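These values consider heavy atoms only, across backbone and side chains, with no hydrogens, waters or symmetry-generated copies. On a predicted model such as this, the values are computed, not experimentally measured, just so you know. Numbers restart at 1 for each chain; the letters A, B, ... are given by sequence-line order, proteins then strands.
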Amino acid sequence: MINIIFCKNPVSLRDTFFSGQSFRWKKHSDNDSVFVSVMHDTPVVFMQRDSGILRIDSPRETIDGTGVTEWVKNYLSLDIDNSMLFDHDFRNRYPEIMQLVDDFEGLKLLRQDPFETAVTFMCAQGIGMPLIRRQVALLCERFGRPFIVETEGMRHVLYSFPSPDRLAGVPAEALRLCTNNNCRRAVNIRRMAGAVADGKLDFRRLAASGMQIELIREELCRFDGIGPKIADCIALFGLGRFDAFPIDTHVRQYLAGWFGLHRAEMTLTEKNYLRLQGEVRSILKPELAGYAGHLLFHCWRRKVKGLLTA
DNA sequence: TGCCAGGTGTACT
DNA sequence: AGTACACATGGC
């Protein structure tokens with residue numbers, strides 16, 4: 001089953017997946033334009049003909065109950081045009097930043113699965129991207145379902161992301177082998193997964209339109225291992241809340257370095273974190289602050305820090 | 001060697 | 001309300 005999508009605006013799979021969105025896609029051989037994964041128990045191959053044409057190869061006609069084409073459009077947030085992220089004011093005030101950001105016209109922020117997003121960012125506390133990527137890969141290999149993905153004469157063995165009830169049933173001692181040997185993290189993930197499996201944590205309800213971002217954060221932060229930053233990451237990447245603005249160590253750096261926000265250099269207590277978000281809302285469009293922030297995040301890492309490891 | 005990496009919870013003043 | 005520290009390990 002092959003679908004061709006003509007994109008109105010440029011899309012760069014390489015930049016998008018490099019930026020850590022998602023941790024679940026693998027490069028096909030050394031080809032930068034072909035990526036493979038298993039999404040919602042469906043093997044999927046992305047091929048990029050050019051920045052405006054995507055070919056999607058999937059053995060099934062639907063992913064997650066929706067048509068493949070519709071799913072991809074939503075997943076890649078093709079409804080968001082990167083040129084609308086920064087207003088006239090911002091462009092005038094920070095022309096040198098815009099010059100850097102314009103190179104990432106095709107970088108997309110993915111609308112990912114909320115449970116997968118939650119687990120992934122619970123694995124992302126104070127450690128580097130390679131270690132996060134390894135944890136996610138181990139979780140999938142040990143507790144996901146295997147799939148063979150064949151494309152262009154190559155075979156990949158890929159794994160689905162484990163379901164909530166599967167992870168909830170894994171003893172913490174076994175789970176910690178996948179969570180960087182961190183026992184507390186394993187326990188926290190297990191508990192959160194159990195709540196999702198029991199319906200006590202309902203991501204669909206949190207994703208409903210009209211939910212206040214403060215309420216989403218409050219519900220997520222009830223779980224050990226989820227603080228304001230991770231809650232905002234779940235909202236941004238997993239619930240499609242592009243107004244959510246997670247502040248991590250990289251974001252702090254560019255808020256200080258590019259925008260001169262002194263508060264970004266202070267210790268981030270919860271109060272300080274919220275205040276800093278308030279200051280950001282006066283610089284970036286509030287309804288797309290998180291999306292714009294993701295571009296700045298990627299840009300800062302790539303162009304200023306020179307980081308090449310995703 | 002020492003510091004930094006997509007933080008959070010707890011135990012102190 | 002603010003600060004210090006443990007958690008764990010790899011990369012540079």
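The separation of C/dG2 from B/dA5, taken at their C1' atoms, amounts to 24 Å, rounded to a whole angstrom. Going from the C1' atom of B/dG6 to that of C/dT3 covers 23 Å, rounded to whole Å. Using P as the reference atom, B/dA11 and C/dA8 are 16 Å apart when rounded to the nearest Å.
In terms of phosphate contacts, A/Lys305 brings no side-chain nitrogen or oxygen within less than 4.0 Å of OP1 or OP2 of B/dC4. When the side-chain nitrogen and oxygen atoms of A/Thr249 are compared with OP1 and OP2 of B/dG6, none of them lie within a distance under 4.0 Å. One finds no side-chain N or O of A/Gln253 lying less than 4.0 angstrom from the OP1 or OP2 phosphate oxygen of B/dC4. Contact check, A/Asn180 against C/dA8: no side-chain N or O comes under 4.0 Å of OP1 or OP2. In terms of phosphate contacts, A/Arg185 brings no side-chain nitrogen or oxygen within less than 4.0 Å of OP1 or OP2 of C/dA8. In this structure, A/Arg134 reaches the C/dG10 phosphate: one of its side-chain N or O atoms is under 4.0 Å from OP1 or OP2.
In this structure, A/Met122 atom CE and B/dG9 atom P are separated by 9 Å, rounded to whole Å. Regarding A/His298, its NE2 atom lies at a distance of 13 Å from the P atom of B/dG6, rounded to whole Å. Regarding A/Arg301, its CZ atom lies at a distance of 12 Å from the C1' atom of C/dG11, rounded to whole Å. Taking atom CD on A/Gln125 and atom C1' on C/dA6, their separation rounds to 12 Å, with Å as the unit. At whole-Å resolution of the value, CG in A/Leu131 and C1' in B/dA5 are 9 Å apart. Regarding A/Leu307, its CG atom lies at a distance of 19 Å from the P atom of B/dC3, rounded to whole Å. Atom-to-atom, CD1 of A/Ile127 to P of C/dC12 comes out at 15 Å; the value is rounded to the nearest Å. Separating the NE2 atom of A/His294 from the P atom of B/dG6 is a distance of 13 Å, rounded to the nearest angstrom.
Looking at heavy-atom distances under 4.0 Å, A/Thr267 makes contact with sugar-phosphate atoms alone, never a base. Residue A/Leu268 is out of contact with every strand shown, counting any heavy-atom pair closer than 4.0 Å. Using a 4.0 Å heavy-atom criterion, one finds that A/Asn188 contacts no nucleic acid atom at all. Backbone-only engagement by A/Cys183 is indicated by non-hydrogen atom pairs under 4.0 Å involving sugar-phosphate atoms exclusively. Nucleic acid contact for A/Gly126: base, since at least one base atom lies under 4.0 Å from a heavy atom of the residue. Residue-level contact check: A/Tyr273 touches neither bases nor backbone, having no heavy atom under 4.0 Å from any strand. In this structure, A/Pro246 reaches neither bases nor backbone, as no heavy-atom distance under 4.0 Å exists between it and the strands shown.
If you check the side chains of A/Ser83 and A/Asp81, you find a donor sitting under 3.5 Å from an acceptor. Defined by atom type and a distance below 3.5 Å, a donor-acceptor pair is present between the side-chain atoms of A/Lys305 and A/Gln253. A/Asn180 and A/Arg185 are not linked by any side-chain donor-acceptor pair at a separation below 3.5 angstrom, with hydrogens and angles left out of the test. Judged purely by distance below 3.5 Å, without hydrogens or angles, the side chains of A/His294 and A/Ser19 pair a donor atom with an acceptor atom.
Applying the side chain to side chain contact (heavy atoms under 4.5 Å, CB included) test between A/Cys7 and each of A/Ile53, A/Leu54, A/Val72 identifies A/Leu54 as the sole match.
Residue-nucleotide stacking is not present for A/Phe121 and B/dG6, judged by a side-chain ring centre under 5.5 Å from the six-membered base ring centre and planes under 30° apart.
In the set B/dG6, C/dA8, B/dG7, the nucleotide with an atom closest to the side chain of A/Asn182 is C/dA8. In this structure, the nucleotide among C/dA1, B/dG6, C/dC7 sitting nearest to the side chain of A/Arg184 is C/dC7. Across B/dG6, B/dG7, C/dC7, the shortest atom-to-atom separation from the side chain of A/Ile230 is found for B/dG7.
For B/dG6, the base has a donor-acceptor partner in the side chain of A/Gln21 [N/O atoms by modelled type, under 3.5 angstrom].
Aromatic ring orientation, A/Trp25 versus A/Phe17: parallel (interplanar angle below 30°, classes split at 30° and 60°). Between A/Tyr75 and A/Trp71, the two ring planes are parallel [angle under 30°; tilted spans 30° to 60°].
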